[in-house]
Amino acid sequence: MKKNRLAAIDIGTNSIRCIVVEVTKTGSFRVLDDEKATVRLGEGLAVSGSILQAAWERAVTALTRMKKIVDGYGVKAIEAVATSAVRKAANGEAFIAAIAEEVGIAVTVISGEEEAELAALSVRNHFDMEGARHAMVDIGGGSLEVVTALGSHIEEIYSLELGAVFLTEKFMAGDSVRPSGQEKLRKHVRSSLKEVFAGERAQFQCLVGSGGTITAIAAMVMAMRGEGYGSVHRYEVLRSEVVHLLAMLSRKTMKERREVPGLNPDRADIIVAGVTVVDELMRFFDANVLRVNERGIREGLIVKALRTHGLIHGVQEPRTWRDTVLEFGRSCHMDEEHALHVTKLSLQLFDALEPAFRMGDGARRMLEAAAILHDVGYFINYSSHHKHSYHLIRHADLFGFTPREREIIANAARYHRKALPKKKHDAYVRLAEPDRQVVSRLGGILRLADGLDRRRSGVVSGVTCSVSDGTVIVTIASSEDISVELFGGKIKGDLFEEAFKKRLLLVAEHTQS
């Protein structure tokens, strides 16, 4: 038995998910295995009131396989919960008893409020929502959980019977989407929300969503945008994209929906109902952005279990995005003194240039992360360490950053040395044109700042700069001889000049020590 390993199993109305994690020495946890099975436990439940025999057998088969996987990892404990379908089924208790006897897993049936609390716990583990009024939503097969919060403080928790499987069976059975059925579904969702939020028309800056419908929306939008990020975790989707996606899906037959890029064919029959709920939620709450939490209930279960089993010292909610960037850099044994000095110079350059060039929301934060992590590739090898930095950052779990932001950070770090961005660089070409410009500018600033610490001794105390029609004059302050740093800055100012379309002039300013 491994005392630092735990498993969590979420038995939902549409699918069963199993996650195995290991607590690390740094106090966080890493995922060792993530298994999913689409069993449709809630199939026919609205009509029969019970779990059907075929669905029962599919669930037992899936759970038996998951138990063998979990046993292979030698976990300390398994935390398993069942949600809406088992809650509502007349034979739910018998199903739980059968799982205990036949599979050897003790399952707890949790309430809708408990589901919502677990989803919220997962969100706090991955998103920096400090000071923001937001709603967390988890859409399952049988129910919708909504948590309203301000920062880390939960205001209200709601559970509604608005799951994708349940609504499909009630309003949208059949191969094609009938406008009359969809309109009835819309009215039902609207009236349900109005009833729950009676007297309050809450407005939120964004929704943070989890569950299969949410991740499917993100995957389809990512495909529509032509983006190729490795994960939809922390991905951001606009309300307009949800509207267009729903219109496209509603026009298609079941067979055609199975061919939609990004959509798992197993979800083709219930996706329209699920996306309709998301569309109505965003409309009702006047939210323009949907942020995706790929982990959801099962990870909330893990976080809770770590506390229950005395491993609380190993899991602390992230403090800020900067803390997690530094933690990741330290795990790669970065030269922290050099990294932080380059970061300081990079931010001084950014702040001086921003009024003239307006590099966009979040650019300063992305530059800071890229500067801190630019040399983490040394952890793999000195040779081509800039390329190693790109791959390490791209796959890092950086709290508070979207997949797009992480990709920009990784690319900016990649160009701190050696070749400039080229059309033959796949990772650069995959970016949208505006993001390529952001990468070139942030990478240009970082590359210059790195050159100004050529000896890794921090002799440059600070930089200021002024922008004229054709030139950026950078004044470099130091009380020591900085001829090496001036040479380093001149050599590494090439991307800066290309990105800002200005000649770069470096001027030394001697200061008193």
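Quick note: numbers below take in every heavy atom, side chains included, and nothing from hydrogens, waters or symmetry partners.
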Would you say M172 and V177 make side-chain contact, with heavy atoms under 4.5 Å?
yes

Classify the angle between the aromatic ring planes of F379 and H333 as parallel (below 30°), tilted (30 to 60°) or perpendicular (above 60°).
tilted

Within-4.5 Å side-chain heavy-atom neighbours: L398 and F401
yes

Could you walk me through whether M220 and L249 satisfy the side-chain contact (heavy atoms from CB on, under 4.5 Å) test, starting with their C-alpha distance in whole Å, then the side-chain angles of each, then the deciding distance to 0.1 Å, before giving a yes or no?
CA-CA 11 Å; M220 286 185 286; L249 291 169; 4.0 Å; yes

How long is the gap from CE on M66 to SG on C18, to the nearest 0.5 Å?
6.0 Å

Could E236 and R404 be called an ion pair, given the rule that one side-chain N must be under 4.0 Å from one carboxylate O?
no

Rounded to the nearest 0.5 Å, what's the gap from OG1 on T215 to CE on M222? Could you check?
11.0 Å

Could you check whether F197 and Y158 have their ring centres less than 6.0 Å apart?
yes

Counting only heavy atoms not in Q53 (residues, nucleotides, ligands), do more than 12 fall under 6.0 Å from its CD?
yes

One thing to verify: whether E280 and R186 come together as a salt bridge, which I'm taking to mean a side-chain N less than 4.0 angstrom from a carboxylate O.
yes

Any side-chain heavy atom of F328 within less than 4.5 Å of one from L392?
yes

Heavy-atom count check: over 12 atoms from other residues, nucleotides or ligands less than 6.0 Å from D361 CG?
no

By the definition side chain to side chain contact (heavy atoms under 4.5 Å, CB included), identify the one residue from I19, V21, I9 that meets it with R298.
I19

Run the side-chain contact (heavy atoms from CB on, under 4.5 Å) check on R239 and L290 step by step: do they pass?
CA-CA 7 Å; R239 168 84 203 288; L290 172 67; over 6 Å; no

How about CD on E183, more than 12 heavy atoms from neighbouring residues, nucleotides or ligands closer than 6.0 Å, or not?
yes

Is there a side-chain contact between L167 and H188 in this structure, where contact means two heavy atoms from C-beta onward sitting under 4.5 Å apart?
yes

Can you check whether L52's main-chain N or O pairs, donor with acceptor, with S50's side chain at less than 3.5 Å?
no

Salt bridge present between K252 and E256 (N-O < 4.0 angstrom)
no

If you measure only the distance, is there a donor-acceptor pair under 3.5 Å linking the side chains of N411 and Y390?
no

Report yes or no: is the cationic atom of K88 (NZ for Lys, CZ for Arg) closer than 6.0 Å to the six-membered ring centre of F166, at no more than 45° off its axis?
yes

Walk me through it: do D71 and K67 pass the test salt bridge (Lys or Arg N to Asp or Glu O under 4.0 Å)?
CA-CA 6 Å; D71 287 346; K67 178 66 162 55; 2.9 Å; yes

When you compare the side chain of I154 with that of I157, does any pair of heavy atoms fall below 4.5 Å?
yes

Side-chain heavy atoms of V242 within contact of L238, under 4.5 Å
no

Worked verdict on E35 versus R17 for salt bridge (Lys or Arg N to Asp or Glu O under 4.0 Å):
CA-CA 6 Å; E35 178 79 0; R17 301 293 298 259; over 6 Å; no

For T320 and D323, does a side-chain donor sit closer than 3.5 Å to a side-chain acceptor?
yes

Give me each pair satisfying side-chain hydrogen bond (donor to acceptor under 3.5 Å, both in side chains) with a member in residues 259-272, each pair once, sequence neighbours excluded.
R40-D269

Any non-hydrogen side-chain atom of F29 less than 4.5 Å from a side-chain atom of V303?
yes

Count the heavy atoms of every other residue, nucleotide or ligand shown that sit under 6.0 Å from CZ of R178, and state whether that count exceeds 12.
no

Do R234 and E294 sit within salt-bridge range, that is, some charged N less than 4.0 Å from a carboxylate O?
no

side-chain contact (heavy atoms from CB on, under 4.5 Å) evaluation trace for I11 with L63:
CA-CA 9 Å; I11 303 173; L63 287 165; 3.9 Å; yes

Take R87 and E115, measure what salt bridge (Lys or Arg N to Asp or Glu O under 4.0 Å) needs, and give me the verdict at the end.
CA-CA 12 Å; R87 255 196 327 262; E115 276 189 74; 2.8 Å; yes

Ring centres of Y378 and H385 under 6.0 Å apart?
yes

Show me the donor-acceptor pairs, under 3.5 Å and distance only, between side chains in residues 206-213 and residues at least two apart or in other chains.
| unit_1 | atom_1 | unit_2 | atom_2 | d |
| --- | --- | --- | --- | --- |
| S210 | OG | D138 | OD1 | 2.5 |

Answer yes if the ring centres of H126 and F399 are under 6.0 angstrom apart, and no otherwise.
no

Donor-acceptor side-chain pairing of S250 and Q182 below 3.5 angstrom:
yes

Would you check if the side chain of T324 reaches a backbone N or O of W321 as a donor-acceptor pair within less than 3.5 Å?
yes

Using a 3.5 Å distance criterion without hydrogens, assess whether the side chain of R5 forms a donor-acceptor pair with backbone atoms of Y73.
yes

Side-chain donor or acceptor of T38 paired with backbone N/O of S15 under 3.5 Å:
no

State, yes or no, whether a side-chain contact exists between V221 and I217 at a heavy-atom distance under 4.5 Å.
yes

Could you measure the distance from the CD atom of E114 to the CG atom of L301? Nearest 0.5 Å is fine.
10.5 Å

Using a distance-only test with no angle check, is there a side-chain donor-acceptor pair under 3.5 angstrom linking E145 and S143?
yes

Check this for me: does any side-chain nitrogen of one of R430 and E227 sit under 4.0 Å from a carboxylate oxygen of the other?
no

Atom pair CZ/CD of R133 and E155 - distance to nearest 0.5 Å
4.0 Å

In Å and rounded to the nearest 0.5 Å, what is the OG1 to CD1 distance from T108 to I96?
8.0 Å

List for me each residue that meets side chain to side chain contact (heavy atoms under 4.5 Å, CB included) alongside A339, sequence neighbours excluded, and say none if there are none.
M334

Quick one: pull up CD1 in I409 and NE2 in H374 and give me the separation to the nearest 0.5 Å.
14.5 Å

NZ/NE/NH1/NH2 to OD/OE distance under 4.0 Å, K304 and E79:
no

Between H233 and N293, is a side-chain contact (heavy atoms from CB on, under 4.5 Å) present by the stated rule, with each step listed?
CA-CA 5 Å; H233 189 47; N293 178 22; 3.1 Å; yes

